[in-house]
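Just so it is clear: chains get the letters A, B, ... in the order the sequence lines come, proteins before strands, and each one is counted from 1.
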There are 4 protein chains.
Amino acid sequence: MTNPTADLDADTKPRRRPRRSAEQNRAEILKAATAEFATHGFAGARIDRIVKKAGSNPRMIYEQFGSKSALYVATLESALGALRTEELTLDLMHLDPLEGLLKLFDFMNGHFERNGHLVSLLRAENMLKARHIRKSARIREMSSPVLTMTKRLLARGVAEGRLAADIDPLRLYVLIAALSQFHLANTHTLSSEFEADLSAPEWRAARRADARKMLAAYLEKT
Amino acid sequence: MTNPTADLDADTKPRRRPRRSAEQNRAEILKAATAEFATHGFAGARIDRIVKKAGSNPRMIYEQFGSKSALYVATLESALGALRTEELTLDLMHLDPLEGLLKLFDFMNGHFERNGHLVSLLRAENMLKARHIRKSARIREMSSPVLTMTKRLLARGVAEGRLAADIDPLRLYVLIAALSQFHLANTHTLSSEFEADLSAPEWRAARRADARKMLAAYLEKT
Amino acid sequence: MTNPTADLDADTKPRRRPRRSAEQNRAEILKAATAEFATHGFAGARIDRIVKKAGSNPRMIYEQFGSKSALYVATLESALGALRTEELTLDLMHLDPLEGLLKLFDFMNGHFERNGHLVSLLRAENMLKARHIRKSARIREMSSPVLTMTKRLLARGVAEGRLAADIDPLRLYVLIAALSQFHLANTHTLSSEFEADLSAPEWRAARRADARKMLAAYLEKT
Amino acid sequence: MTNPTADLDADTKPRRRPRRSAEQNRAEILKAATAEFATHGFAGARIDRIVKKAGSNPRMIYEQFGSKSALYVATLESALGALRTEELTLDLMHLDPLEGLLKLFDFMNGHFERNGHLVSLLRAENMLKARHIRKSARIREMSSPVLTMTKRLLARGVAEGRLAADIDPLRLYVLIAALSQFHLANTHTLSSEFEADLSAPEWRAARRADARKMLAAYLEKT
DNA sequence: AATGAATGAGAGTTCATTCAT
DNA sequence: CATGAATGAACTCTCATTCAT
């Protein structure tokens with residue numbers, strides 16, 4: 001007998017499930033949907049699987065979000081919102097410019113490694129030509145503070161004569177993003193091609209160190 | 001016989017298109033499928049659209065390829081095969097090691113910029129956890145010669161005392177790939193986020209020059 | 001005073017609407033449901049819309065009526081009940097037979113023109129093969145007094161030699177009903193077909209006069 | 001040879017169903033849909049039932065018609081088209097005006113009695129406020145020739161001094177339609193209310209005779 | 001007494017795939 | 001060899017109804 005107190009327990013009646021608040025339900029659905037869209041993309045995602053994973057039912061999704069598309073946008077908003085929130089806690093401006101930019105890389109690399117679903121959602125969104133990101137007012141409002149940080153650190157570094165001049169902030173940002181994300185977005189094909197496990201922590205750590213060196217070598221005035 | 005002149009007048013029935021060879025049909029379907037899978041991913045791709053674009057009919061696809069999955073694999077094989085074929089024409093070994101590695105970057109960057117559908121197919125395949133690449137014998141056989149090239153150039157450069165030691169060839173390859181592909185795979189989200197057109201030729205040229213500098217700075221012994 | 005504390009703490013909990021009696025609630029729901037069933041029929045009617053229109057909530061409907069079907073039957077009972085009630089106030093027996101039958105037509109025509117939802121509910125009920133009317137004890141009990149009135153007026157008119165003999169009361173009743181209702185039940189298709197507005201008061205008045213003439217011509221002994 | 005009896009009994013293999021032409025299929029679907037929409041109205045009609053009745057499958061409906069709405073419109077177009085086609089074969093103009101108008105009534109009464117589904121479709125369409133009839137170009141183009149016939153017969157009858165003057169053709173048409181259709185559209189509620197079978201052929205014949213008399217009495221100059 | 005979130009069966013519609021011609 | 005009509009399972013979304021508060 002696995003649970004001898006079952007008889008005493010008030011839950012002998014088969015209740016469908018304990019009632020949760022609308023908020024809780026919304027959160028559960030969003031979580032399940034994030035995993036589903038990250039794993040299968042928009043077209044491959046299945047409402048039924050989300051429902052099951054969230055312990056909810058199809059009607060609730062449509063009550064709370066309105067449509068599969070809207071739910072997908074909500075996962076994007078949520079994942080990008082979390083990134084923006086963390087970005088705002090970065091305190092790089094008091095640092096040495098080179099150190100600041102390397103910390104920025106560390107942050108981005110770390111955030112994406114910790115949040116694989118964000119990488120996957122961005123992949124899915126690029127497959128859809130960023131259609132939804134472009135339409136979401138909430139996402140457009142949450143513009144990243146990182147480009148500005150990059151700009152300021154670069155300017156200070158150049159002014160202090162310690163960083164190479166003529167580096168465009170946006171292009172630098174894209175290079176940093178490339179060094180932070182590419183290996184994550186392409187883990188599977190690369191691991192397969194080279195018969196190595198690129199998701200292993202050691203591999204990632206070594207690669208991060210290399211990328212950091214590459215970035216430093218580029219930035220430092222020579 | 002209802003129509004005794006049928007033999008004399010073969011075209012009374014309106015045929016929509018001139019009869020093509022099986023080879024031609026296969027090629028048309030593959031081309032249409034490549035575009036479709038690149039644009040919509042595996043789950044989002046529609047057999048009907050491929051049929052229409054190829055001017056063919058559903059039965060032909062199943063005759064020639066067997067299933068949607070098999071057709072998808074064929075597009076991957078075809079696009080990766082073209083890459084491998086071009087790679088084999090690379091003649092880097094007679095070059096100076098640094099120059100050779102930079103040429104390798106130029107090649108990769110160029111190939112991916114010219115073959116956007118390959119970038120998209122790799123994105124789709126990563127979404128599917130490289131399931132098909134791993135299963136395709138043909139793809140596993142076509143292993144890239146590039147890692148070996150990288151290894152040799154690196155070794156020679158180190159031996160000649162001109163390149164930094166302690167650089168792992170595979171990790172270097174992944175860094176080069178990152179600098180070659182990331183901006184292409186993420187054009188849409190980046191363009192949207194920064195309200196810039198990252199697909200513009202000028203933007204791409206400037207970014208490539210930056211990436212090249214970054215790579216050179218990293219490789220050169222300091 | 002029903003609630004001595006009402007003055008002290010009437011509104012701590014934010015109630016959206018003043019509390020209504022069960023009776024009031026029932027009446028509001030019935031009104032909203034009548035409109036909904038008349039507009040959309042049984043299958044097309046939506047509980048949610050009724051709830052919203054009535055300013056109530058779904059549970060109340062099931063508390064008060066039991067089911068969508070039962071609510072639908074209640075609207076039928078209510079609308080037919082109103083008709084029967086008005087019929088009982090008709091005082092035709094002291095009139096000249098022809099005049100009495102014309103007054104009966106006037107009444108029916110008027111009642112249906114004033115109560116469009118009754119016409120619509122009868123349409124909906126015929127679509128359902130009168131399934132509910134047949135099952136409702138209340139409706140079967142409220143048998144119309146009109147057929148009896150028709151019978152008596154006809155009999156007197158024939159006896160007095162002023163109305164045509166051999167007119168069957170039920171068939172006469174159906175003819176009168178046709179002249180009273182058809183143009184209302186078919187306003188939309190007829191208006192569309194003939195590009196005229198058959199719901200305009202003038203059109204209705206002219207048609208009523210014609211129908212009255214037709215009825216009189218038929219009834220009068222020739 | 002795997003099956004030596006194949007030649008003798010071609011149907012031993014469980015074939016899903018003999019292949020029909022697209023035309024035939026379309027016709028089967030339309031027939032089944034007409035019955036379904038007539039019986040249940042638009043909202044109450046079920047695609048699955050139509051599919052089953054037509055021995056077809058859901059995809060075919062959407063291939064051939066596009067949507068439930070479009071299929072519904074097609075049934076309306078078909079049923080009204082049949083009416084218009086029969087109307088065009090009416091040859092009333094050589095008749096005596098009164099006789100012509102009575103023949104017109106006979107035709108309408110007969111057509112509706114023979115085509116109960118048309119009555120039901122018109123009922124369904126009025127429930128939807130003639131939304132679809134108004135939008136269908138095909139239906140608007142098939143305007144009825146009957147109003148013109150009515151107009152001409154009336155005019156001739158008045159000119160010859162044999163029919164009552166001051167009768168509006170459109171209103172006359174609506175009265176004739178009422179006498180032709182009302183008892184059919186309301187058979188169920190009337191039968192239930194009066195505990196009589198208004199669908200019995202004898203009842204219908206008697207009623208038709210009455211309606212004819214009523215019409216004649218109205219038209220004849222007195 | 002009153003609420004509205006939650007339910008899951010079932011709606012219309014689309015899909016990859018196959019069959020008869 | 002080539003066609004495209006036919007298939008039915010599975011998809012997204014909606015509904016009348018009930019439960020926990």
When rounded to the nearest 0.5 angstrom, what distance separates [atom1] in [X] from [atom2] in [Y]?
X: Ser56(C); Y: Gln24(C); atom1: OG; atom2: CD; value: 12.0 Å
X: Glu125(C); Y: Ile139(C); atom1: CD; atom2: CD1; value: 7.0 Å
X: Leu122(A); Y: Leu76(A); atom1: CG; atom2: CG; value: 7.0 Å

inquiry  = Going by the rule side chain to side chain donor-acceptor pair (under 3.5 Å), which residues pair with Thr39(A) if we only count those two or more places apart in sequence or in a different chain?
reply    =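 For Thr39(A) there are no side chain to side chain donor-acceptor pair (under 3.5 Å) partners, ignoring immediate neighbours.
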Quiz prompt | side chain to side chain donor-acceptor pair (under 3.5 Å) against Ser78(B), all qualifying residues, sequence neighbours excluded | solution =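 Not a single residue meets the side chain to side chain donor-acceptor pair (under 3.5 Å) criterion with Ser78(B).
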Which pairs, with at least one residue in residues 127-136 of chain C and sequence neighbours excluded, count as a salt bridge (Lys or Arg N to Asp or Glu O under 4.0 Å)?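 Output for this query is empty, none listed.
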Quiz item: Applying salt bridge (Lys or Arg N to Asp or Glu O under 4.0 Å), which residue pairs with at least one partner in residues 45-55 of chain B are found, sequence neighbours left out?
Solution: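 Non-adjacent pairs meeting salt bridge (Lys or Arg N to Asp or Glu O under 4.0 Å): Glu36(B)-Arg49(B), Glu36(B)-Lys53(B).
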Could you check how far [atom1] of [X] sits from [atom2] of [N], rounded to whole Å?
X: Ile29(A); N: dA5(E); atom1: CD1; atom2: C1'; result: 11 Å
X: Tyr62(D); N: dA11(E); atom1: OH; atom2: P; result: 12 Å
X: Ile61(D); N: dA11(E); atom1: CD1; atom2: P; result: 13 Å
X: Arg59(C); N: dC19(F); atom1: CZ; atom2: C1'; result: 8 Å
X: Met60(A); N: dT17(F); atom1: CE; atom2: C1'; result: 16 Å
X: Gln24(A); N: dA5(E); atom1: CD; atom2: P; result: 14 Å
X: Asn57(D); N: dA5(F); atom1: CG; atom2: P; result: 13 Å
X: Arg26(C); N: dA2(E); atom1: CZ; atom2: P; result: 14 Å

_Closest-nucleotide ordering on DNA chain E, the 5'-leading residue of Pro58(D) and Glu63(A)_ =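 The residue whose closest nucleotide sits nearer the 5' end is Glu63(A).
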- Query: If you measure only the distance, is there a donor-acceptor pair under 3.5 Å linking the side chains of Glu77(D) and Ser136(D)?
  - Reply: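 Judged by distance alone, the side chains do pair up.
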- Please list, by residue number, the residues of residues 32-52 of chain B whose heavy atoms come closer than 4.0 Å to an atom of DNA chain F; answer none if no residue qualifies.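 Heavy-atom contacts with DNA chain F come from no residue of residues 32-52 of chain B; none.
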Practice prompt. Could you identify which residues of residues 64-74 of chain C place a heavy atom less than 4.0 Å from some atom of DNA chain F, listed by residue number, or say none?
Written response: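 Listed by number, they are Ser67(C), Lys68(C).
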ask   = Residues in ring pair (Phe, Tyr, Trp, His ring centres under 6.0 Å) with His132(C), at least two apart?
value =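 Expected list: Phe42(C), Tyr72(C).
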### Query
Looking at Asn25(A), does any N or O in its side chain come under 4.0 Å of the phosphate oxygens OP1/OP2 on dA5(E)?
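No, outside the criterion.
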Stems involving DNA chain E, each a run of at least 3 consecutive Watson-Crick or G-U pairs under 3.5 Å:
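E:2-21 with F:2-21 - these are the stems of 3 or more pairs that involve DNA chain E.
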**Request:** Taking side-chain contact (heavy atoms from CB on, under 4.5 Å) as the test, write out the residues that go with Ala74(C), two or more places apart.
**Result:**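 Partners of Ala74(C) under the side-chain contact (heavy atoms from CB on, under 4.5 Å) test: Leu30(C), Phe65(C).
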Give the table of side-chain donor-acceptor pairs shorter than 3.5 Å for residues 57-64 of chain C, with sequence neighbours excluded, one pair per line with atom names and distance.
residue  : atom : partner  : partner atom : Å
Asn57(C) : OD1  : Arg59(C) : N            : 3.0
Asn57(C) : OD1  : Met60(C) : N            : 3.3

